[in-house]
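Whatever order the structure lists ligands and atoms in, that order sets their numbers, starting from 1.
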Amino acid sequence: MRNLRSAGGIALLAAISLTGGCGLIASSPDESPIPADPTMLAFVDPSTIAGLSTRTITGTRDQHVHISYPVLPNAPGLTDKLRAEVTAELRAFDLAAPRPAPATPDEPHTAKPPELNVDWQLTAYSPQVIGVRLRTGRFTGGVWHDSLCTIWYDRATGRAVDSPGLLKEGALAAVAARVKRELARDGPDVRPGRVRPDTGTFDSMDFNRRGDLVVEFDDEQVAARYLGRVAVAVPNREAATLLSGVGALARAAAQSIPPGKPPPSAAFDRRYPQARSSRAGTVDCAVAKCVALTFDDGPGRYTSRLLSILTEHGARATFFMVGSNVVAQPALLRRIRDEGSLIADHSWSHRNLAPLSSARVGDQLSRTQDAVAEAVGQTPTLMRAPYGSLSPTVVQVARQLGLSIVMWNVDTRDGPDETADDVAARAIGGARRGAIIGMHDVYSATIDAIPRILTTLTQEGYVFVTVPELFPGDHMEPGHIYVSGETTPANATSPPPSSP
Ligand code: ZN
């Protein structure tokens, strides 16, 4: 649903997005090369950049925090700046968010605990300049709040700059005045008086394909919430006189973004076969003592090391991946497929899905299915909800998308502050026939624990398979919740027997 109002070549766009809070992702890179709306941005397809990887920061176990940012090749100054930005966001969230008590079986978490979610897009990538747009979503009670921030990186000097660095000395005042004038035409619920010529107000500036300067505002920064995204485009010719050297390079880079691939048709159109381990059928878990290792939140910087360890030990695993990481590293996904492990769906941006509408849940899950299918030619049939947080809506959407819901029955409680010794001890101590062991391939200590887990459990007679192989005929039912391979699918979703 969109409401587009234009005035003298400058548009204020109010869009109510259906993209899981990540306002603009739907706008690209699938837009036509010259979109009608001048505030629409084009984005660079990260899979086209060799050497790009992602970093993930999570909170402590009782926090719903998931931060992802890109690491671009040969741009250490950019990595430092992005890390500093997201660390500041995390610190602010820590101060603002009430800390929930750890969930217990008697008192599970409420459906809407505080949450911090950061993801990213590339708004420019050239030999001269890189633009990274961070979208930060925050829930600390009340309503979800999205904010945007675009960092620019000048490769010649190795320096990262905030968005106002796109402008010449003193030009921010002129841009602010221009933006104010445009906003003033847009009715009583837009407040141009809030526009100040400072870095905080103008922290997200980019260019569209035409080279217009696009200024974006955060939720409720300059307009009532119901107006949704508010952005102003300053036409190319006018903006040209205001740009710094970096700004001119950034504009040229944005104008040269190649048109994106056509939007993938929905995964459930069965264009791609269902994902299956390339080694499925080689182990009979009715006979062998099978166990399934599962890794969430990747692929990340340790995934490749993990794969080498698994392969060395003849082990396979199931990877529940975050879509925004998937698109950055398609070659790594193909390696996972080729080495017999299985790729599964862990949502697009790791939002807590439980409070979201079915449209947003569907978007989070199907976009990741599509991204995996594009990379490896197979559509995932398993999903795990971020934070293990389910709602009837999530279950229903999973069923519609052909996804079985996989939980875990051995919790290694791995995390940023855990040791390899503890993670290994919990995995080994919890292992039993048919177990689904939960871990994360974004923590170094987790990877350090893997050789010990594999060696010890192999000595105990275990065989490491992908999750579907735990079940007869590899059969899992879409929309069913599987906690382990110890129960039949029919039992897995039954309510627990009441006590006598
Ligand atoms: Zn996760």
Check whether the side chains of S53 and Q329 place a donor and an acceptor atom closer than 3.5 Å, and report yes or no. no
For H346, what is the atom name of its N, O or S atom nearest to the Zn ion (ligand 1)? NE2
State, with a plain yes or no, whether a side-chain heavy atom of L293 is found less than 4.5 Å away from one of L454. yes
Validation row: H66, Y387 side chains within 4.5 angstrom (heavy atoms): yes
Verify the distance test for [X] against the Zn ion (ligand 1): any N/O/S atom under 2.8 Å, yes or no.
X    : value
H66  : no
H350 : yes
D297 : yes

For the pair Y443 and H440, name the ring-plane relationship: parallel under 30°, tilted 30 to 60°, perpendicular over 60°. tilted
